[in-house]
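Written out below as structure tokens is the structure these notes cover.
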Amino acid sequence: MGEDKALIPIQGVPLLQRVCGIAKGCADTVYIVTSWPERYQHLVLPGCEFIREMPLLEEDTGTLLRSDAQSFCFDMENDLRALLDFPLAASSVQTHGPLVGFAQGLFKVETDWVLLLACDLPRLRVEVLQEWATKLDNVADNAIAALAHHPKGWEPLCGFYRRCCLPELLDFINQGGRSFQQWLQQYPVEVLPLPEPDMLFNCNTPADLALS
């Protein structure tokens, strides 16, 4: 896109602010996981809290142990808490994909279920998300998530996850995993109905933006 998608206006409202507003229709508290929270301080985001996504640090920080260039090891909650609390210089900011960001954000959540939303979904429908939420009590106990499914696989960035999936997620990341699809293939996932598939349309290119 050549610009920060979170700040692209859709009908005059930045995408991030738009998605957060919809999320607030489903949850009391909305967490925004980002490496650059200072970019979004000017947005109107009532009831939202920022979680700064931290980079994977070198061994000599004492915060995160890395076994090789592609994987890292958490000492579960102690190391993850240290990771989240570690002061970060702006020059050190980097991202490692949505799965790592999700793991860092999930540690902060206290509810049994968490709704995960990408910031580039301009056609989200709050009533569909609310209908999905009513189905969570009936999700099988062994399912780690409740998500929509399409021919290419799960829709991981618009759906619900159990907080208790964090240990399995950390194990997967520890082994070098960075793909939501590969992680989800290893565990039971409840399929959510998708009456309006275009709700999952996301903005990846200028052409997509023109269709929003």
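- In this structure, R163 contributes its side chain and V109 its backbone to a donor-acceptor pair below 3.5 Å.
- The cluster map of Ile, Leu, Val, Met, Phe, Trp and Tyr, joined by side-chain heavy atoms under 4.5 Å apart, puts V30 and V114 in different clusters.
- With a 4.5 Å cut-off on side-chain heavy atoms, I8 and P122 do not count as touching.
- Distance check, rounded to the nearest 0.5 Å: CG of L169 to CG of L184 gives 9.5 Å.
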Criterion side-chain contact (heavy atoms from CB on, under 4.5 Å) on W183 and Q185, from CA distance to verdict: CA-CA 5 Å; W183 175 55; Q185 287 172 6; over 6 Å; no

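- The CE atom of M199 sits 9.0 Å away from the CD atom of E127 when rounded to the nearest 0.5 Å.
- Residues S179 and F172 approach most closely at O-CE2, 3.4 Å, considering heavy atoms.
- For C165 against L106, the heavy-atom pair with the smallest separation is SG-CD2, 3.8 Å.
- Side-chain contact between Y40 and L7: present, with at least one pair of heavy atoms (C-beta onward) separated by less than 4.5 Å.
- With rounding to the nearest 0.5 angstrom, the CG atom of L115 is 7.0 Å from the SG atom of C158.
- A donor-acceptor pair under 3.5 Å is formed between the side chain of Q104 and the backbone N or O of M54.
- Across all non-hydrogen atoms, the minimal contact from L192 to A146 is CD1-O, 3.1 Å.
- The side-chain heavy atoms of Q11 and R18, taken from C-beta on, include a pair separated by under 4.5 Å.
- At a threshold of 4.5 Å between non-hydrogen side-chain atoms, the residues V128 and E131 do not count as touching.
- Note that the CG atom of L136 and the CD atom of E190 stand 9.5 Å from one another [nearest 0.5 Å].
- Under the 4.5 Å side-chain heavy-atom criterion for Ile, Leu, Val, Met, Phe, Trp and Tyr, V13 and L129 are members of distinct hydrophobic clusters.
- W154 approaches L147 most closely through the heavy-atom pair CZ3-O, 3.6 Å.
- Under a 3.5 Å cut-off, the side chain of R52 and the backbone N or O of S35 do form a donor-acceptor pair.
- In this structure, V33 and F102 have side chains that are not in contact, with every pair of non-hydrogen atoms separated by 4.5 Å or more.
- Atom CG of N142 sits in a crowded spot, with more than 12 heavy atoms from other residues, nucleotides or ligands closer than 6.0 Å.
- The environment of D28 atom CG is sparse: at most 12 non-hydrogen atoms of other residues, nucleotides or ligands sit within 6.0 angstrom.
- Between C119 and V19 the shortest heavy-atom distance is O-CG2, 3.6 Å.
- Counting only distance, with no hydrogens or angles, the side chain of E155 and the backbone of H150 share no donor-acceptor pair below 3.5 Å.
- Ring geometry for W113 versus F160: interplanar angle over 60°, hence perpendicular rather than tilted (30 to 60°).
- Annotation: the span from L200 atom CG to L124 atom CG amounts to 8.0 Å, rounded to 0.5 Å.
- In this structure, L116 and F180 have side chains that are in contact, with non-hydrogen atoms separated by less than 4.5 Å.
- Across all non-hydrogen atoms, the minimal contact from G97 to E53 is O-OE2, 3.9 Å.
- A donor-acceptor pair under 3.5 Å is formed between the side chain of W132 and the backbone N or O of P193.
- Q41 CD: more than 12 foreign heavy atoms inside a 6.0 Å radius.
- Side chain of Q182 to backbone of R178: no donor-acceptor contact under 3.5 angstrom is found.
- In terms of modelled atom types and a separation under 3.5 Å, the side chain of Q17 and the main chain of V44 share a donor-acceptor contact.
- Separation of atoms CG (L45) and CD1 (I32) is listed at 4.5 Å; rounding is to 0.5 Å.
- Contact check for R39 versus D4: side-chain heavy atoms found under the 4.5 Å cut-off.
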With side-chain contact (heavy atoms from CB on, under 4.5 Å) as the test, would you mind laying out the steps for I51 and F107 before giving the verdict? CA-CA 10 Å; I51 297 174; F107 181 75; over 6 Å; no

